[in-house]
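For ligands, and for the atoms within them, numbers begin at 1 and follow the listed sequence.
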Amino acid sequence: MPIVNRRKFLSNSLLGLSALYVSTVLPGCGGLTDQVLGNGSFKHGIASGDPLHDSVILWSRITPAGKPKSLIVAWDVALDSEFNDLVVSDLGKAEADNDYCVKVDIRGLQAGTRYYYRFRTENNTSATGHTCTLPEGDSQSLRMAVLSCANYPAGYFHVYREVANTDNLDLVLHLGDYIYEYGKDGYASEQAEAIGRVADPTTELLKLTDYRKRYAQYRTDIDLQAAHAAAPFLLVWDDHEVANDAWEFGAENHSDDEGNYSERKAAAMRAYFEWLPIRPTHTDLTEPSSIYRQFQWGNLANILMLDTRHEGRNAPLALASYFDTAGGFNRKKLFEDIDNPEREMLGTLQRDWLETAVATSSATWQLLAQQVLMGKIYLPFAVATQQLSIDEYAKLGDLASLAGRQAAGDPTLTEEELDRLAEGRDQLTEEVEALLKAAPIPYNLDAWDGFGAEREKVFNIAKNYNANLVVLSGDTHNAWANNLQDADKNPVGVEFATGSVSSPGLEAYLGIEADAFAATEAGIVSLVPPLKYVNVGDRGLMVLDVTPEAVTANWHFVSSVLKREYTMQDDRSVTMQVLKGTHVLQSIERNNA
Ligand SMILES: [Fe+2]
């Protein structure tokens, strides 16, 4: 095997392949000493991603001495951590035009094989990373860590450290919000200065140089570097890689005075493809690449990475627009819009691709890895519109129930119940009674609940091909498990949603104290029939074990992201499972039960 291959490197250059994205084909030939290597260090770590049966993307970023136009870097791939059993060594260029990021598609590898890799400059060798290729044919197991929403100023990346600490990890699924675009005083930055994690740059990200700088800051984090070194990542972006609550042609956090949105989006996506180990659909990074793609883990799992955010999504619906000036709510119009078949989340091209990918798969499990919650989370109207808290809704609901029983002459009412009713009856105003009677509505129109017609189309794909469907979701900063049901309430599959790495969740949004987490979780689950589990207050990861018989999700939570030291909250860990052929959640095991 060649240690260094000058001929191939030169031919890549002559062919005009981007130095950022060079391909190696095994076996190679030729020879060259390391004398040509440039001078630089690896302060942003290494990474691998997008493994196929015979290839994997390797990534690093060189911090050069000075500001050369380009410098030459080497990489090694071996079967052992000492790099004695070398598979390939090769050279490529890190270029200033690509922020000195190096991304290599190593080809000609063996299926289902673990590899070690590293990068070298003249004066430095990177850390060693672990990666693998996808197995072909029979496979009995797959273990993945599933993550989303890492906000650097919001807290330490202990969850990434836990990824590195997870035994026998095959893949890491990152479901988006790998970075956040806000300036130093933006979302969830209240503690940033105290914990030494003020956003860099300090202003909101708008241009290519801004996005690059933010990735560079995140990638100096040693816990994130450890996670990348541990296993190959499969990544999809969510909104914050560009701007909050984005759709195809705009975002909530973008205004006209911030410039042209499509230019901002292109800059953000270019930085994404430079800094992350994802295989681009174009080697010229000025061309926009799609990120929906497929990974086949033998005949066990077909992993379908979706883009529900930037590819074809229409602008989200806004609950406020359904209220009239007198406070009336136009429910009919809301559901007409939700069920409008013209409104899209994936877009026709991506949906057609998804159908083909499911139709042609012989894998036991179809895993849809994507951003936003797919399960139907309809909350009581008063709660969804934040006119009553969950607690207030429960108390008033109790009073209304007692009043109803009394009016019906229920002889089983106890003295205590009658006293409670007498004490609270004043609260049961006409307005409150109307609020309590109003039918539930979706709590988040930015999620699949706001795109009901297209959700049914996805469910139809799963039903038409009798898929064992497991949807994996991020975005909400909270852990969830849902039974997925079509419009006629037929079971279609299940959804496992991961919490966040550091972004605050419902506890911050709803002001829930830690001692009320368990009661709030029980309250929400009781209000939403298909929902079987939610964690409202902890940061963590989901570890997914896939076997021919079952898919099992294990949620693990850290004690704090605001303290440098942390422990795992074993009493908050939860396990849930779906068995092949059942399409419903099978069991729940609460460690604190
Ligand atoms: Fe997020």
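The pair Asp307-Arg313 does not meet the salt-bridge criterion, since no charged nitrogen lies less than 4.0 angstrom from a carboxylate oxygen.
Other residues, nucleotides and ligands contribute at most 12 non-hydrogen atoms within 6.0 Å of the CG atom of Asp256.
Paired with His310 under the rule side chain to side chain contact (heavy atoms under 4.5 Å, CB included), one option of Val242, Ile291, Asp238 passes, and it is Val242.
Only protein atoms were considered; those of element N, O or S under 2.8 Å from the Fe ion (ligand 1) number 4.
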Solution key, residues 224-236 side-chain donor-acceptor pairs under 3.5 Å, sequence neighbours excluded:
| residue | atom | partner | partner atom | Å |
| --- | --- | --- | --- | --- |
| Gln225 | NE2 | Lys43 | O | 2.9 |
| Gln225 | NE2 | Arg219 | O | 2.6 |
| His228 | NE2 | Tyr178 | OH | 2.7 |

### Task
For ring pair (Phe, Tyr, Trp, His ring centres under 6.0 Å), just list the numbers for Tyr566 and Tyr156, CA-CA rounded to whole Å, side-chain angles, deciding distance to a tenth of an Å, and then say yes or no.
CA-CA 10 Å; Tyr566 72 99; Tyr156 296 110; 9.5 Å; no

### Query
Do Trp59 and Trp275 pass the ring pair (Phe, Tyr, Trp, His ring centres under 6.0 Å) test, and can you show the C-alpha distance, the side-chain angles, and the key distance before you say yes or no?
CA-CA 8 Å; Trp59 178 97; Trp275 276 84; 5.7 Å; yes

